[in-house]
Amino acid sequence: MPRYDAKRIEAHWQQYWETHQTFRTEDTIPTGEEANKPKLYVLDMFPYPSGSGLHVGHPEGYTATDIVCRYSRMKGMNVLHPMGWDAFGLPAEEHAVKTGTHPRETTEQNIATFKRQLKMLGFSYDWERELATTDPDYYRWTQWIFLQLFDTWYDADHVWTGPDGVERKGKGRPISELPIPEEILASGGASALRVDAAGNALGGLTPNRSPEVSEAIRRYQDKHRLAYVSEAPVNWCPALGTVLANEEIIDGKSERGGHPVVRMPLKQWMLRITAYADRLASELEPLTWSDSIKFMQRNWIGRSTGAEVDFLVDTRDSASGRASALRDSAAGNALGGLTPNRSPDELVIRVYTTRPDTLFGVTYMVLAPEHPLVQKITTDKQRAAVDEYIRKSSLKSDLDRTDLAKEKSGVFTGGHAINPVNGERVPVWIADYVLISYGTGAIMAVPAHDERDYEFAKTFGIPIVQVVAPAEGSGHTVEIETAAFTETGVSVNSGTYNGLPTADFKSQITKDLTASGLGKEAVNYRLRDWLFSRQRYWGEPFPIWHELDADGNPTGLMRADSAESLPVLHPHMDDFKPTGSPEPMLAKATPEWLYKTDTDGVKLKRETNSMPQWAGSCWYYLRFCDNKNAETFIDPEKEKYWLPVDLYIGGAEHAVLHLLYSRFWHKVLFDRGHVSTPEPFQKLVNQGMILGEPDENGKAEKMSKSRGNVVNPDDVVKDYGADSLRLYEMFMGPLEQVKPWQMSGVEGVYRFLGRVWRMIVDDRAETTTLSAAVVDSPPAEDQLRMLHKTIKAVTDDIDRLSFNTAISRMMEFTNFMSGQETRSKSVLEQFVLLLNPFAPHIAEELWNTLKAPQLELLENAGLLKGHNVTLTYEQWPTYDPALLVEDTVEVPVQVNGKIRAKIVVPADLDAKTLEAAARSDDAVQKHLEGKTVVKVVAVPGRMVNFVVR
RNA sequence: GGCCAGGUGGCGAAACAGGCAGACGCACGGGACUUAAAAUCCCGGGUCCCUAACGGGACGUACGGGUUCGAUUCCCGUCCUGGCUACCA
């Protein structure tokens with residue numbers, strides 16, 4: 001009993017918190033007195049409950065948020081601090097393939113383990129709000145949000161003012177409000193059919209419209225939805241049995257497991273995140289996120305501005321041998337004399353460039369091997385070589401393609417195109433350094449001013465024409481024989497444009513191209529639409545049906561499940577083995593699950609893809625505010641009260657994926673009026689990774705099973721207790737920094753807690769009683785001053801999430817106080833309150849020991865209630881600034897910047913007197929002897945510096 | 001290659017606004033208590049030099065320059081480490 005017994009104390013208080021629901025946040029929005037409390041929503045990135053249990057990396061962020069929450073409760077805030085499980089995902093399904101255990105069973109076991117471990121660490125979560133993305137009550141609403149995406153199109157020109165009062169351009173609107181082009185409305189033969197598309201929720205169908213027109217409208221709408229089906233080359237991973245998003249592929253291999261990935265065309269669900277690219281980039285600005293994360297997001301979105309330029313194909317050497325459409329006058333005029341109203345059989349290569357000012361330097365063009373024009377412009381002579389190149393590059397995985405990055409490859413198609421600015425005939429090549437998925441899939445190559453083009457031109461002996469010269473005084477030099485010049489400058493060899501600075505040239509040529517119909521300003525994004533379907537079992541089924549014709553073939557038309565019919569549950573399955581083909585797992589479901597006939601007699605087949613793991617994590621922070629609501633995904637009042645998340649802490653590995661997807665969904669919900677804030681996470685902090693224990697060379701590596709350096713929180717808690725683990729993880733160093741684990745450091749904070757214990761408790765007594773040194777009398781002045789210094793330091797440190805320094809200040813307090821023969825009880829009580837956010841179990845125990853007489857009185861009077869016992873809702877200590885002022889200070893005295901003496905003077909001594917005091921010091925005089933003082937700098941209370949010669 | 005973050009004792013680190021570099025902790029050394037050990041408590045410490053000692057001096061925050069009375073802190077250049085990204089036209 002007398003010794004600091006972490007195990008007993010922690011078990012007792014965890015039990016207490018549980019039975020008294022100490023950390024329960026009221027489900028209703030506070031009213032009356034309570035409404036004056038500021039709200040604080042503090043969120044952890046919820047974990048994937050893996051089979052291996054909690055890792056010491058998890059409690060790092062969780063402890064940080066827990067400190068903020070416990071501190072804020074004591075500051076009188078209404079705190080929301082929930083926890084849940086990102087529980088869909090491949091490992092549970094892979095386990096099912098191996099053992100036949102249903103993924104739900106594995107998932108539930110893993111959740112139980114995680115929950116036990118988190119409770120063991122004493123985090124102050126409101127467990128009433130627990131949720132798992134795999135709960136039907138949860139994914140019902142994931143499916144519902146998908147239907148919102150399915151029901152939304154992006155109106156890029158719509159100018160509107162959101163509930164936040166900010167004017168925006170571009171809005172997600174109901175698909176029923178999508179304007180239908182006249183030619184579609186007229187396509188059914190019925191002339192001038194007037195349609196009020198806005199009036200109809202379901203596909204804009206009106207009874208007086210011909211079936212052909214209705215179908216055309218539906219197909220048109222389907223092309224504009226934020227959730228749409230597209231057939232495109234995607235990343236198929238045979239080992240995982242699923243397609244993967246670009247974001248999930250690293251160096252041509254799957255991020256999970258490192259399996260090879262091949263590209264093949266497949267029909268897949270896509271989410272139109274590119275529509276929100278601009279807003280996702282620009283609305284990042286006001287958020288309190290680290291610059292590096294903002295930068296990574298902006299980079300991922302990769303907005304660039306430039307121009308699209310049309311190059312007419314010179315058909316005289318095309319394989320088809322068609323009559324030339326090229327006017328021979330082409331070369332005559334500045335802009336090639338090409339007229340905008342071209343004949344339909346002319347072939348045009350449209351390129352995207354950020355440097356339209358280098359158009360005069362184009363010496364060849366490149367199409368991506370997959371470009372649709374390749375076949376048309378390839379000459380018979382080159383056909384064999386071109387086909388061979390296409391075949392080879394299609395076989396290459398992305399990995400091979402990047403591996404070969406150093407060596408440029410490509411083949412001449414035999415075709416030529418006409419440079420619109422000077423009418424020159426330029427050869428057209430294909431090469432895999434041009435990607436079909438970016439820009440137009442074709443480039444104009446300017447070897448003189450682009451490194452990649454330069455390298456390619458050198459490899460294949462293509463001419464290099466310099467059209468930009470360094471601006472005068474820029475300090476740049478050009479040696480076009482050895483390297484490309486990629487800087488901006490002044491144009492040369494560019495006809496009438498000569499002498500223009502790059503920026504001016506860009507805007508001028510873009511204007512001229514636009515005027516002649518040969519080009520236009522264009523914006524491009526690195527960001528691609530989000531591939532949203534997977535072929536696995538353990539993910540959310542899509543709430544979508546495909547219409548079948550009389551023969552049972554899909555017509556390409558779709559129907560959505562009604563919101564009321566959700567959730568779409570998983571079918572029962574015994575066999576979880578991947579099909580080995582891109583055929584989804586759910587296609588193996590029973591016919592009852594797969595097929596139905598709708599009320600209008602149309603046969604329907606279920607969508608058998610499932611959603612990716614990102615889906616559930618895109619909106620969980622919303623559901624925490626109202627996790628039991630059966631009517632809607634979140635009550636609008638609760639959403640308004642709790643959102644946005646005030647502090648979000650998690651690993652930097654989610655810098656672009658989860659955090660971008662989540663923001664995208666949130667913006668769609670915002671546009672559709674379901675949430676009131678444009679952004680979900682106001683402040684974001686990334687904790688640094690915890691590395692393994694350093695080896696004998698002092699080198700620390702990432703924890704991993706294969707290195708055998710994984711630290712299990714269970715073991716640490718067993719040996720030292722949860723308070724020590726929490727304290728150590730915060731004491732290691734700054735939260736955001738990468739730092740190595742050192743078990744001896746845990747020992748150190750454990751010793752500190754022992755000192756705190758003995759500072760207050762008599763560790764030789766039979767029961768937990770106060771140390772004889774603790775006296776119930778007014779504190780001595782130095783104790784009081786130490787306390788107030790500590791209160792200020794700890795408070796300031798928590799406010800800036802500097803937990804390591806907060807702990808060291810509490811250590812200083814303890815070192816000082818332990819040395820005092822009598823310790824004021826009131827001072828110790830205040831200190832225990834400061835300790836509480838960091839080491840809550842021992843703090844509760846000490847608080848109750850210090851408060852025992854008062855508590856006993858209350859108990860005898862029958863007034864003892866839960867919140868009288870726990871210190872959770874005690875007021876956070878405040879400090880008196882007057883007590884922090886020292887009477888005297890030690891001031892360093894420098895001579896020529898070198899410290900020669902330290903003098904003790906009254907703290908408020910003015911500069912003149914301070915200088916005199918410094919000058920009279922013996923050591924200073926010695927250094928001033930025989931020298932001339934040219935200048936004296938005296939800063940009251942800080943320092944004195946004599947400048948001598 | 002590009003971008004971001006960082007480089008301070010044997011180690012993790014601190015110095016928040018240009019003003020005493022190394023708080024706090026670990027490891028280490030010495031001492032007390034003990035039959036002994038553990039636990040606990042006390043003391044010590046950047047490096048080098050001078051001194052028997054008290055004490056004193058020089059150097060020191062990756063490296064080289066600069067601004068300043070004064071630089072770990074600001075500026076320029078170089079090197080190294082970690083992270084992200086990678087033919088995005």
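In this structure, Q894(A) reaches the bases: a heavy-atom distance under 4.0 Å links it to at least one base atom across the strands shown. Using a 4.0 Å heavy-atom distance criterion, I899(A) is classed as a sugar-phosphate-only contact. Residue-level contact check: N299(A) touches neither bases nor backbone, having no heavy atom under 4.0 Å from any strand. At a threshold of 4.0 angstrom between heavy atoms, the contacts of D291(A) with the nucleic acid are absent. Within the nucleic acid shown, F295(A) comes within 4.0 Å of sugar-phosphate atoms alone, with no base atom in reach, counting heavy atoms only. Contact annotation for R900(A): backbone-only contact, meaning every heavy-atom pair under 4.0 Å involves sugar-phosphate atoms and none involves a base. Nucleic acid contact class of R809(A) (heavy atoms, under 4.0 Å, all strands): none. As judged by a 4.0 angstrom heavy-atom cut-off over every strand, H927(A) is placed among residues touching the sugar-phosphate backbone only. Contact annotation for G745(A): no contact, since no heavy-atom pair falls under 4.0 Å across all strands. Contacts of S304(A) with the nucleic acid, taken as non-hydrogen atoms under 4.0 Å apart, involve only primed sugar atoms and P, OP1 or OP2. At a threshold of 4.0 angstrom between heavy atoms, the contacts of Q737(A) are confined to the sugar-phosphate backbone, with no base atom among them. Within 4.0 Å of V937(A), counting heavy atoms only, lies at least one base atom of the nucleic acid. Here N804(A) lies in heavy-atom contact (under 4.0 Å) with sugar-phosphate atoms only. M732(A) comes within 4.0 angstrom of the backbone, heavy atoms only, and of no base.
Here A86(B) sits opposite no nucleotide as a Watson-Crick or G-U wobble pair (both hydrogen-bonding atom distances under 3.5 Å). The partner of U61(B), taking Watson-Crick or G-U wobble pairs whose two distances both stay under 3.5 Å, does not exist in any strand shown. Under the Watson-Crick or G-U wobble criterion, with both distances below 3.5 Å, G19(B) is paired with C69(B). In this structure, A27(B) forms no base pair with any nucleotide, since neither Watson-Crick nor G-U wobble geometry is met with both distances under 3.5 Å. Figure legend. A5(B) is base-paired to U81(B); pairs are counted as Watson-Crick or G-U wobble with both atom distances under 3.5 Å.
Under a 3.5 Å cut-off, the side chain of R823(A) and the backbone N or O of V774(A) do not form any donor-acceptor pair. No donor-acceptor pair under 3.5 Å is formed between the side chain of Y364(A) and the backbone N or O of P427(A). With hydrogens and angles disregarded, a donor-acceptor distance shorter than 3.5 Å links the side chain of E693(A) to the backbone of M743(A). Between the side chain of H449(A) and the main chain of F485(A), a donor-acceptor pair closer than 3.5 Å is present.
Closest to the side chain of S744(A), out of C87(B), A27(B), C41(B), is A27(B). Nearest nucleotide to the side chain of R755(A), out of C87(B), G19(B), C41(B): C41(B). You'll find that the side chain of R800(A) is closest to A15(B), out of A15(B), A89(B), A23(B). Among the nucleotides C87(B), C24(B), C84(B), the one closest to any side-chain atom of N815(A) is C24(B). Here C69(B) is the nucleotide among G25(B), C41(B), C69(B) with the atom lying nearest to any side-chain atom of K935(A).
Atom CG of D797(A) and atom P of A13(B) are 17 Å apart (whole Å). Look at CD1 on I807(A): it is 14 Å from C1' on A14(B), rounded to the nearest Å. Between L359(A) atom CG and A89(B) atom P the separation is 16 Å, expressed in whole Å. As rounded to whole Å, 17 Å separates atom C1' of U81(B) from atom NZ of K739(A). The CE-P distance, from M943(A) to G18(B), rounds to 15 Å in whole Å. Per the geometry, OH belonging to Y750(A) stands 18 Å off P belonging to G25(B), to the nearest Å. At whole-Å resolution of the value, CZ in R350(A) and P in A89(B) are 18 Å apart. One can place CZ of R355(A) at 20 Å from P of C87(B), the figure rounded to the nearest angstrom.
When the side-chain nitrogen and oxygen atoms of R942(A) are compared with OP1 and OP2 of G18(B), none of them lie within a distance under 4.0 Å.
In this structure, K408(A) satisfies the cation-pi test against Y433(A), with its NZ or CZ atom closer than 6.0 Å to the six-membered ring centre and inside 45 degrees of the ring normal.
Residue M703(A) comes nearest to V56(A) through the heavy atom pair CE-CG2, 3.5 Å, listed as atom of the first residue, atom of the second, then distance.
Electrostatic pairing of D357(A) and R355(A) counts as a salt bridge here, judged by a charged N lying under 4.0 Å from a carboxylate O.
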